[in-house]
Amino acid sequence: MKSNSGRNLKLGILIVSGLIVFTLGVYFIGNKQNLFGDSILVSSVFKNVNGLQSGNNVRYSGVNVGTVKNIKFLNDTAICVDMLINRETGSLIKFNSLATINSDGLVGSMVLNILPPDKAPSRTIEEGDTLASLSQIATADMLNTLNKTNENAALLTEDLLKITNSINAGEGVLGDLLKDEGLAKNIQESAENLNRTTNSAKAGLAKLNGILNTIDYENSVAGLLLSDSTAQKSFSTIIEDLQATSLQIKEISAGLGQFSNTLNSEKGALNYVVKDTSFVNHLDQSMQNIEEATFRFNENMEALKHNILFRGYFRKQERQKARMKKENQ
Amino acid sequence: MKFLSSYQQGFNSFFIEIGEMGNFMGRYFRELFSRPFEFREFLNQCYQMGNKSLLLVSVTGFILGLVFTLQSRPTLMEFGAVSWMPSMISISIVREIGPVMIALICAGRIGSSIGAELGSMKVTEQIDAMEVSGTNPFKFLVVTRVLAATCMLPILVIIGDFVALIGSAIIENSKGDVSFTLYFNQVFEALEFTDLIPATVKTFFFGFAIGLVGCFKGYNSKKGTAGVGKASNSAVVFTSMLIFVLDFIAVFITDIFYN
Amino acid sequence: MENKAVIEIKDLYKSFGDLEVLKDFNLNLFKGENLVLMGRSGSGKSVMIKCLVGLMGFDKGSIKVLGNDISKMKQNELDQVRTDIGFLFQGSALYDSMTVRENLEFPLRRHRKNSETKTEALVKEALENVGLPQAIDLMPAELSGGMQRRIALARALILKPKIIIYDEPTTGLDPITAKEIILLMMNIQKKYETSSLIITHDVDCARVISNRIILLLDGKDYAEGSFNDLAASGDPKIKAFFK
């Protein structure tokens with residue numbers, strides 16, 4: 001019996017230790033998935049979740065604060081991601097934080113990152129809240145962009161190579177600059193001349209300064225202009241007159257503006273004339289009518305000339321015209 | 001023709017054996033749920049299978065973790081992914097290598113011992129003696145052993161997995177300067193219930209297969225010492241094969257349910 | 001000797017395919033008697049006793065043990081009847097994963113609701129009856145053939161059965177040990193007043209122990225009588241046994 005109880009004790013120890021290891025395993029795995037702790041359920045809506053799965057980590061400022069619980073389609077363009085966030089850390093996350101989906105390293109699984117707000121922080125998150133989401137480029141997009149950048153860089157270096165080759169071969173202005181010794185000498189000379197000119201200018205300025213210093217403020221015109229108080233008054237009067245004139249001009253232009261406004265408004269006759277298209281059309285029609293009437297009148301007159309009754313009058317007229325012409329000559 | 005007929009005979013005998021095993025399993029379940037239950041013998045068998053296999057399982061598990069980590073390190077280092085070691089090792093061990101390796105070891109240790117024990121009991125008329133003394137030998141010998149194997153294998157696998165992870169952590173700690181805390185943190189970071197639960201559930205089936213095949217082969221062994229040897233040997237071979245088949249089915253089912 | 005039969009076998013027929021092992025075999029074992037069943041190897045003795053204790057089914061005939069027809073019994077009823085039958089196997093059939101004590105406790109724990117001390121006392125008594133009280137904590141593998149046979153006898157007796165069946169009790173033992181076993185069997189028979197069915201081809205054993213002998217030949221109860229009657233028979237088939 002003794003050996004039996006000893007055996008049972010050892011068996012009991014084995015079974016219990018096995019169960020403890022299993023339970024600890026379950027606990028730690030469950031704990032990582034926030035199954036046992038007090039947690040808050042919040043969600044966020046994305047257009048594309050980039051392969052995010054239930055159980056992926058949720059991070060806030062780089063710290064794991066929860067896990068993705070569920071991912072479901074709301075409609076064809078919106079996917080709702082539910083996440084369980086540890087209540088303790090959840091009390092630090094603001095409602096206006098942004099949720100984004102990123103890759104954990106280049107080959108890592110996806111992670112839901114909650115970014116702290118840029119704006120003034122609002123209240124902290126509560127059960128059932130929906131956080132705003134931010135679509136960020138996925139690794140694939142990033143790689144695509146990187147690929148394009150690489151291609152561009154390759155083209156750029158090719159062009160640069162061509163340019164440097166041309167420069168080395170002495171082609172173009174830069175090539176001349178680098179290769180042509182005469183030009184280099186010219187430039188050098190020019191630089192020297194410039195230097196000399198600057199020096200002369202400097203001397204000239206010094207001289208001018210001296211002259212200015214020696215101006216006779218009392219006797220010369222410049223001195224009068226600069227020092228005489230009456231002249232100063234006249235100047236100020238002139239300036240005042242100028243000011244008044246400019247004010248008047250301003251008023252006139254304002255009046256003109258008003259006039260043109262009135263002109264533009266629908267009430268005035270001029271505007272009626274200018275703006276009303278039907279009126280213009282009528283006018284045009286009337287002009288055409290007048291033109292036609294004149295043409296007909298001319299025709300009538302021509303007919304009258306050939307009439308027996310009026311032929312004598314018109315001949316008399318023509319003879320008188322001819323006589324006048326002769327006298328003038 | 002002769003070759004063909006022997007081939008056919010082998011084929012037939014295989015299916016006959018499968019059928020007999022099906023009957024044997026049916027009887028097991030009938031006897032399992034009918035009174036009385038041989039609890040003392042069940043505990044005795046649990047002790048024999050669990051405690052007596054613990055050292056073997058622990059040593060094997062430890063070496064498994066050690067070697068697996070050592071062998072995988074250079075490859076992962078080439079990719080610069082050596083920080084993924086704990087995740088990779090833990091998932092491989094917990095999901096697949098641990099259960100299958102430990103089940104195979106137990107098939108060798110437990111399956112062969114059941115086959116040999118029952119075979120020799122059959123040959124030396126001990127099973128008859130038991131029956132004549134008014135004790136149901138199927139209940140006493142088969143039900144207790146199959147149930148004990150079913151219950152003890154998961155425990156052995158859990159402990160074996162744990163020891164393997166310790167072995168792996170030691171290598172990571174000495175070669176990669178990864179602290180035990182970081183190692184196990186990463187292990188539990190990587191593991192999910194979908195890794196642990198199906199892997200544990202399938203070990204019950206592995207244990208059941210080990211116990212059932214061992215008992216079937218032993219209980220039906222032919223007369224003579226050669227029969228005992230054959231029972232023991234075929235119990236191990238058949239169980240090992242069955243473990244892989246069950247593993248395939250388990251992975252298949254897990255795949256359907258979790259992906 | 002009383003006339004009440006504890007075992008009645010009538011027209012027992014058993015075949016394995018085309019091989020007829022038992023053909024209308026009849027046997028009656030009366031209370032308190034030692035009946036020896038003699039026969040050549042392969043004559044069906046072992047098959048007969050397996051049918052008798054329900055280890056093997058039979059094709060025709062009937063077997064009654066203590067008035068119960070075993071072919072019509074349920075498993076639990078059969079198990080109950082089996083507790084009244086002690087069986088000494090040819091090879092002892094001790095459970096080799098258990099100690100001698102556990103071997104003897106095995107039937108006790110299943111069929112008698114005794115206290116631990118009572119069980120202990122019964123185990124010791126059974127071992128003293130066979131003269132091996134010192135072997136209590138040994139494993140069967142540590143015992144000699146004769147000792148194993150004695151322990152097996154002790155196990156067969158521990159439930160104080162009404163009938164004991166001995167399957168070749170002296171086979172494989174040296175003559176001295178064989179004699180010891182025979183003496184032991186006789187003592188037990190006297191002490192517990194059991195009815196014994198002894199299967200043997202050991203003539204010495206049969207002479208010493210038997211009240212009656214049945215000869216099993218060609219699947220039938222060929223001859224029946226006391227040792228002296230059969231030994232004096234002129235039938236060459238019978239004579240062959242007693243040479």
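Residue numbers start from 1 in every chain, and the chains themselves are labelled A, B, ... in the order their sequence lines are given, proteins ahead of strands.
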Can you tell me which portion of [X] sits under 4.5 Å from chain A's heavy atoms? Options are side chain, backbone, both or neither.
{"X": "B/Asn185", "answer": "both"}
{"X": "B/Leu43", "answer": "both"}
{"X": "B/Leu191", "answer": "both"}
{"X": "B/Thr194", "answer": "neither"}
{"X": "B/Leu196", "answer": "side chain"}

With rounding to the nearest 0.5 Å, note down the distance linking CZ in B/Phe205 to CG in B/Leu242. 11.5 Å
What class does the angle between the rings of B/Phe29 and B/Phe33 fall in, given that below 30° is parallel, 30 to 60° is tilted and above 60° is perpendicular? parallel
Would you please classify the geometry between the B/Phe39 ring and the B/Phe37 ring as parallel, tilted or perpendicular, with 30° and 60° separating the classes? tilted
Between A/Ile13 and chain B, with a heavy-atom cut-off of 4.5 Å, which part of the residue counts as in contact: side chain, backbone, both or neither? neither
Return a table of donor-acceptor pairs under 3.5 angstrom between the side chains of residues 20-28 of chain A and protein atoms on other chains or two or more places apart.
residue : atom : partner : partner atom : Å
A/Thr23 : OG1  : A/Leu19 : O            : 2.4

Taking every heavy-atom pair that is under 4.5 Å apart, which of A/Leu14, A/Asn64, A/Ile15 has the most such pairs with chain B? A/Leu14
Before giving the answer on side-chain contact (heavy atoms from CB on, under 4.5 Å), spell out for B/Ile159 and B/Val57 the whole-Å C-alpha distance, their side-chain angles and the decisive distance to 0.1 Å. CA-CA 8 Å; B/Ile159 292 174; B/Val57 165; 5.7 Å; no
Applying side chain to side chain donor-acceptor pair (under 3.5 Å), can you list everything that pairs with A/Asn152, at least two apart in sequence or on another chain? none
